[in-house]
Amino acid sequence: MAATGEPSKSTAPATPKPARRGRPKKQQQKLTKQQLISLLSSATSAAHSFFSQNELQLLPSQSLSLESLLFSLPFSKPSPSLCPSFFHRFVSSAHSDLDPRWHEFFRMSKPTFLNLLSLVSPSLLSFLPSSIPPDSAVAATLFRLAHGASYEASARRFGLDSSAAACLAFYSVCKVLNENLANLVDFGSDVGRIIEGFCWISFPNCCGVLGFGKFAIDSDVLGKNGSMLVQALVDSEGRFLDISAGWPCTMKPNSIFTQTKLYSRIQELLSGPCCQLNDGNSIPQYILGDSCFPLFPWLLTPYIRPNEEDSFGSAEREFNAAHNRAMRLVNTAFGRVKARWQLLARRWKEECVEFFPFVIVMGCLLHNFLIKCSEPVAEESVGCSEVEEELPVFGGEADERGQRIRVALAKHLSRASMRR
C-alpha cells in the first residue's frame with residue numbers, strides 16, 4: 001500500500017484525567033465521625049441505663065467509680081432529674097431491717113438509722129430549706145462520710161438539686177449531730193463503768209487512756225506531711241470519753257494538753273475514792289498517757305530510760321508492757337473511725353481546715369453512738385501508730401508523787417503477771 005503524506009492516527013484510548021476526590025473524602029470523614037459520635041452516645045446511654053438499673057446492687061465503691069467515669073464523658077449526659085431517685089428506690093426495696101445494704105451504704109442498720117434520724121430531725125428542720133427533707137440530708141451525710149463521695153455524687157443520689165445543696169445538708173447535719181450527740185462523751189457521768197472495764201485489763205482505778213490521732217492535711221504551713229492532731233481520752237471498749245480536735249502537728253503535745261478543757265477539769269473529774277492494793281498501797285483515780293505527756297499523780301506515763309532498756313527491773317518492764325497494750329486502745333479507736341468513715345482517712349485540702357475538726361468530732365460521736373446501739377465494730381484498716389513514732393518525749397521534770405504511784409502500780413502489775 002502506497003504511503004500517504006498524512007501521519008497515521010493512533011488507535012490507543014486517551015488517558016482519562018484523575019477525578020477530584022477532596023470533597024467526597026471529607027464528606028466520608030465527616031460521616032465517619034458522626035457515626036462514631038452516635039455509637040459512643042448510644043453506648044454511653046446504655047451504660048447510664050445499666051448504672052441506673054443496677055446501682056442498688058453495686059457496692060458504693062463500684063458505683064462511685066462507675067459514676068465518675070460516666071459523668072466524665074461528653075456524650076449524652078443524663079438529666080439530673082433521672083438520678084436522685086436512688087435513695088427513695090433503696091428505701092422502697094430495703095423492706096427488711098436486716099438488709100445488709102444499710103451497712104454497706106450508711107454503716108448502720110435500718111433501726112439505728114431511724115433512731116438517729118428521730119434524734120436530729122427536729123433540729124434539722126430549723127437549718128434546712130423545705131426542699132431538703134431531713135431523711136435525705138442525714139442519708140447523704142452518712143454516705144459522703146462513709147465513702148468520701150463528692151457533693152455532686154451525693155446530690156444525684158439523694159434528691160438534692162445541686163452540689164451546694166448537698167454541702168449545706170452535710171454541714172447542717174454535722175452541726176446538729178455534734179450538738180445532739182455531745183452527751184455521748186460525758187466522761188464524768190460514767191466513771192464507775194469505765195473503772196470496771198480497766199480492772200479487767202489489770203489497771204485498778206484507771207479512768208481512761210489519753211493519746212492522739214492524726215488526720216492528713218495539704219498545707220504549705222504544716223509542711224509536706226502536714227496533719228491535724230486530735231487529742232482523745234478513750235475507755236477500755238474504745239469509746240471516746242473526751243475529744244479535742246483542730247491542733248496543728250507543729251504544736252508540742254504537752255502544749256496542746258494544757259490548753260484543752262480536759263486539762264482544766266481533770267483533777268475535779270478524778271476526785272473519786274482511792275483503790276487499796278493488796279500490799280496496802282493506795283492508788284488514786286488516774287488516766288494513762290503516752291510518753292509525750294508529763295507524769296502526774298493523775299496521769300501515769302511509761303518509764304523512759306534512753307539506751308538503758310536492760311536496766312529496767314521486772315516491775316518496770318511489766319508496767320511498760322501493760323501500759324503499751326492500753327495505749328493501743330487510742331490507736332484502735334481512731335483506726336476504726338477512719339475505717340468506718342473513709343472521708344476522714346483522706347488528705348483534706350487546706351481551705352477546708354476550718355471545718356475539718358467538726359467533721360472529725362462528728363465521726364467520733366457517731367462511733368460512740370454505734371457502740372451504744374450495739375452495731376458491729378468496724379474492721380480496723382487505718383491505724384494511727386505513726387503518731388506514736390513522731391510525737392516527742394516529754395523532757396520536763398517528773399512529779400514525785402506520780403513516781404511513787406507508778407512504782408506501786410508497777411509492783412502490783414508484776415505480782416499479777418506472776419500469778420497468771
Side-chain angles (χ1 to χ4, degrees), residues 198 201-214 225 227 229-236 242 244 247-260 262-263 266-267 270 275 277 279 281-335 383-418:
F198 279 103
I201 57 175
S202 301
F203 276 106
N205 230 17
C206 181
C207 296
V209 182
L210 185 68
F212 286 94
K214 189 167 94 170
N225 297 315
S227 61
L229 293 179
V230 180
Q231 179 187 282
L233 184 71
V234 304
D235 68 8
S236 61
D242 185 87
S244 182
W247 304 97
C249 62
T250 51
M251 282 188 69
K252 292 183 178 180
N254 185 50
S255 297
I256 294 173
F257 179 45
T258 56
Q259 295 183 53
T260 61
L262 178 65
Y263 180 81
I266 191 66
Q267 294 187 66
L270 301 177
C275 173
L277 301 179
D279 61 1
N281 281 308
S282 180
I283 301 292
Q285 291 181 350
Y286 61 92
I287 60 177
L288 299 172
D290 210 346
S291 56
C292 60
F293 296 110
L295 175 67
F296 289 116
W298 44 267
L299 176 56
L300 302 184
T301 59
Y303 286 97
I304 301 295
R305 292 184 181 175
N307 304 320
E308 295 183 17
E309 284 294 322
D310 292 340
S311 69
F312 279 173
S314 60
E316 293 167 324
R317 285 195 297 269
E318 188 61 39
F319 179 86
N320 274 11
H323 188 283
N324 184 59
R325 289 192 297 270
M327 288 305 305
R328 292 176 193 162
L329 294 168
V330 180
N331 295 341
T332 299
F334 277 120
C384 301
S385 58
E386 67 272 15
V387 173
E388 293 182 3
E389 299 171 3
E390 296 180 5
L391 295 181
V393 174
F394 177 73
E397 294 292 327
D399 181 271
E400 291 185 8
R401 184 165 174 252
Q403 289 178 317
R404 291 195 298 270
I405 293 171
R406 184 170 63 179
V407 167
L409 190 55
K411 291 179 179 178
H412 167 79
L413 290 172
S414 181
R415 288 191 298 269
S417 67
M418 293 175 65

Engineer: Got a second to check how far C206's SG is from I283's CD1, nearest 0.5 Å?
Structural biologist: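 Nearest 0.5 Å value for the SG-CD1 distance: 11.5 Å.
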
Engineer: Less than 4.5 Å apart, side chain to side chain, heavy atoms only: is that true for Q259 and W247?
Structural biologist: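 Side-chain contact under 4.5 Å: yes.
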
Engineer: Quick one: closest heavy-atom pair of A398 and L295, and the distance?
Structural biologist: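 Looks like CB-CD2, 3.9 Å.
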
Engineer: Determine the minimum heavy-atom distance between F394 and C292, stating which atoms define it.
Structural biologist: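 Looking at all heavy atoms of both residues, the closest pair is CB-O, 3.6 Å.
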
Engineer: Drop me the distance from I201's CD1 to L413's CG, to the nearest 0.5 angstrom.
Structural biologist: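 Reported value, rounded in 0.5 Å steps: 10.0 Å.
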
Engineer: Identify the two heavy atoms, one from M327 and one from G289, that lie closest to each other, and give their separation to 0.1 Å.
Structural biologist: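 Minimum heavy-atom contact is SD-C, 3.9 Å.
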
Engineer: What heavy-atom pair brings S244 and T260 nearest, and what distance separates the two atoms?
Structural biologist: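 Result for this residue pair: OG-CG2, 3.5 Å.
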
Engineer: Around Y263, counting heavy atoms of other residues, nucleotides and ligands shown, do more than 12 lie under 6.0 Å from its OH?
Structural biologist: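 No, because the 6.0 Å sphere around OH of Y263 holds 12 heavy atoms or fewer from other groups.
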
Engineer: Evaluate the side-chain proximity of L229 to L391: yes if any heavy-atom separation is below 4.5 Å, no if none is.
Structural biologist: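 Result yes, sub-4.5 Å side-chain heavy-atom pair found.
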
Engineer: Is it true that a side-chain atom of N320 and a backbone atom of Y303 form a donor plus acceptor pair closer than 3.5 Å?
Structural biologist: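 Yes, N320 side chain to Y303 backbone: donor-acceptor pair under 3.5 Å.
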
Engineer: Should the pair F257 and W298 be assigned to parallel (<30°), tilted (30 to 60°) or perpendicular (>60°) ring geometry?
Structural biologist: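 Correct class here is tilted.
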
Engineer: Taking the side chain as every heavy atom from C-beta outward, state whether L210 and L262 have any atom pair closer than 4.5 Å.
Structural biologist: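 Result yes, sub-4.5 Å side-chain heavy-atom pair found.
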
Engineer: Check the angle between the aromatic planes of F203 and Y286 and answer parallel, tilted or perpendicular using the 30° and 60° thresholds.
Structural biologist: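 Correct class here is perpendicular.
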
Engineer: For residues 400-411, tabulate all N or O donor-acceptor pairs below 3.5 Å that involve a side-chain atom, not counting sequence neighbours.
Structural biologist:
{"residue": "R406", "atom": "NH1", "partner": "T301", "partner atom": "O", "Å": "2.9"}
{"residue": "R406", "atom": "NH1", "partner": "P302", "partner atom": "O", "Å": "3.0"}

Engineer: Given D279 and H412, is the side chain to side chain contact (heavy atoms under 4.5 Å, CB included) satisfied, shown in steps?
Structural biologist: CA-CA 8 Å; D279 61 1; H412 167 79; 5.8 Å; no

Engineer: For the residue pair G208 and L233, what are the closest heavy atoms and their distance?
Structural biologist: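 For G208 and L233, the tightest heavy-atom pair comes out as C-CD1, 3.8 Å.
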
Engineer: Once you round to the nearest 0.5 Å, how far does OG of S202 lie from CZ of R325?
Structural biologist: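 CZ of R325 is found 7.5 Å from OG of S202.
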
Engineer: What pair of heavy atoms forms the shortest contact from I256 to P248, and how long is it?
Structural biologist: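 That would be CD1-O, 4.5 Å.
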
Engineer: Are the side chain of H323 and the backbone of L300 linked by a donor-acceptor contact shorter than 3.5 Å?
Structural biologist: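 Yes, H323 side chain to L300 backbone: donor-acceptor pair under 3.5 Å.
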
Engineer: For residues I287 and I266, determine if any side-chain heavy atom of one lies less than 4.5 Å from a side-chain heavy atom of the other.
Structural biologist: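 Counting from C-beta outward, I287 and I266 do come under 4.5 Å.
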
Engineer: Please report the C-alpha distance between V234 and F334 in whole Å, then the side-chain angles of each, then the deciding distance to 0.1 Å, and finally whether the side chain to side chain contact (heavy atoms under 4.5 Å, CB included) criterion is met.
Structural biologist: CA-CA 10 Å; V234 304; F334 277 120; 6.0 Å; no

Engineer: Once rounded to the nearest 0.5 Å, what's the spacing between atom CG of L270 and atom SG of C207?
Structural biologist: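 Answer for the CG-SG pair, L270 versus C207, is 5.0 Å.
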
